[in-house]
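First the structure, in the form of structure tokens, and then the observations on it.
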Amino acid sequence: MIQKTPAEIVLIKKACEITRDALILAKSLIREGISTFDIDKSIEKFIIDSGGTAPCIGYMGYPCASCISVNDVVVHGIPSKNIILKKGDIVSVDIVASYKGYCGDATRTYCVGEVDDEKKKLVRVTKECFFKGIENARVGDRIGKISHAIQMHAESNGFSVVRELAGHGIGRKMHEPPEVLNYGKETDGAVIKENMVIAIEPMINAGRKEVALLSDDWGVVTRDGKPAAHYENTVLFTAKGPEVLTLEKDDEYYPR
Ligand code: MF3
Ligand code: CO
């Protein structure tokens, strides 16, 4: 269902805490020389040790707990022993954790050592897109309010919005209605309802918006080879406004 019950929200919040803490763990592991395979294995172990499960494993044949996407890989990078992080890379870590049947979904793009100014700005603006997206969105608005604000912020900074992928409702399944586009008009999309839970996930390219699929049939790359960034949180809408369930407590946007 699009609107969750209080009991469901308790479980979603727990799944979101595991997801957030798995990201914090991933961040602590990011350094030159580590493989994306080793990062994924640590994430998987953390989720299991926390009493959760990793629903990405086996999802349409996907082999891993997380998606780890480096530089021009926008999303769905399959972790690999052959993908070794190096200084100057940006790396998007996308994690779904499930707890007692309910999911949380979040992504961060991390920098490996010093990265160039374009990448630095891309990572910052992609995160800002998420917060611009929820800033003015309230119960009764359309999802398009979020979508439009994301697109405006990305494009006004000279970046582009990937069209082929979107955010989504989340609950028992990691992908539920409604669809949460990262572009469009304020009047588009489903009406935001109280106790709706959605994953909002701007996927922003430094260059052109076009993407291609890697030969592994999962990895999505920019066609122009320029870098891409991804920032995602699971968000609950209450009568008071949006509540970001996967946000780190020391984040500059964490409500105080
Ligand atoms: N976590 C992704 C999302 O943000 C989906 C992961 S695809 C999977 O929607 F194959 F890894 F499961
Ligand atoms: Co998602």
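Numbers for residues simply follow the sequence, beginning at 1. For ligands, and for the atoms within them, numbers begin at 1 and follow the listed sequence.
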Rounded to the nearest 0.5 Å, the CG atom of Leu29 sits from the CD1 atom of Ile34 at a distance of 5.0 Å
In Glu201, the N/O/S atom nearest the Co ion (ligand 2) carries the name OE2
**Asked** Counting distance only, does the side-chain N/O of Lys27 pair as donor-acceptor with the main-chain N or O of Tyr110 below 3.5 Å?
**Response** no
In terms of heavy-atom contacts, Gly77 and Ser69 come closest through N-OG, 3.0 Å
Query raised in the report: Side chains of His230 and Asp94: closer than 4.5 Å at any heavy-atom pair?
Result: yes
The Co ion (ligand 2) -> Asp105, closest N, O or S atom is OD2
Practice item. Give a yes/no answer: is there an N/O/S atom of Asp94 under 2.8 Å from the Co ion (ligand 2)? Key: no
Minimal heavy-atom distance between Val211 and Arg223, with the atoms involved, is O-NE, 3.3 Å
* Asked: Quick check: does His168 put an N/O/S atom under 2.8 Å from the Co ion (ligand 2)?
  -> yes
For ligand 1, find each of its N or O atoms that sits under 3.5 Å from a protein N or O atom, and tabulate the pairs with distances to one decimal place.
| unit_1 | atom_1 | unit_2 | atom_2 | d |
| --- | --- | --- | --- | --- |
| ligand 1 | 1 (N) | Asp94 | OD1 | 2.9 |
| ligand 1 | 1 (N) | Asp94 | OD2 | 3.1 |
| ligand 1 | 1 (N) | Asp105 | OD1 | 3.3 |
| ligand 1 | 4 (O) | Asp94 | OD2 | 3.2 |
| ligand 1 | 4 (O) | Asp105 | OD2 | 3.1 |
| ligand 1 | 4 (O) | Glu201 | OE1 | 2.9 |
| ligand 1 | 4 (O) | Glu201 | OE2 | 3.1 |
| ligand 1 | 4 (O) | Glu232 | OE1 | 3.1 |
| ligand 1 | 4 (O) | Glu232 | OE2 | 3.2 |
| ligand 1 | 9 (O) | Asp105 | OD2 | 3.4 |
| ligand 1 | 9 (O) | His168 | NE2 | 3.1 |
| ligand 1 | 9 (O) | His175 | NE2 | 2.8 |
| ligand 1 | 9 (O) | Glu201 | OE2 | 3.3 |

d(Asn182 CG, Ser147 OG) to nearest 0.5 Å is 7.0 Å
In short, side chain to side chain donor-acceptor pair (under 3.5 Å) pairs touching residues 72-86 with sequence neighbours left out are Lys86-Asp89
Check: Cationic tip of Lys121 within the cone over Phe159's six-membered ring, i.e. under 6.0 Å and within 45° of the normal?
Finding: yes
Among N, O or S atoms, Glu232 approaches the Co ion (ligand 2) most closely through OE2
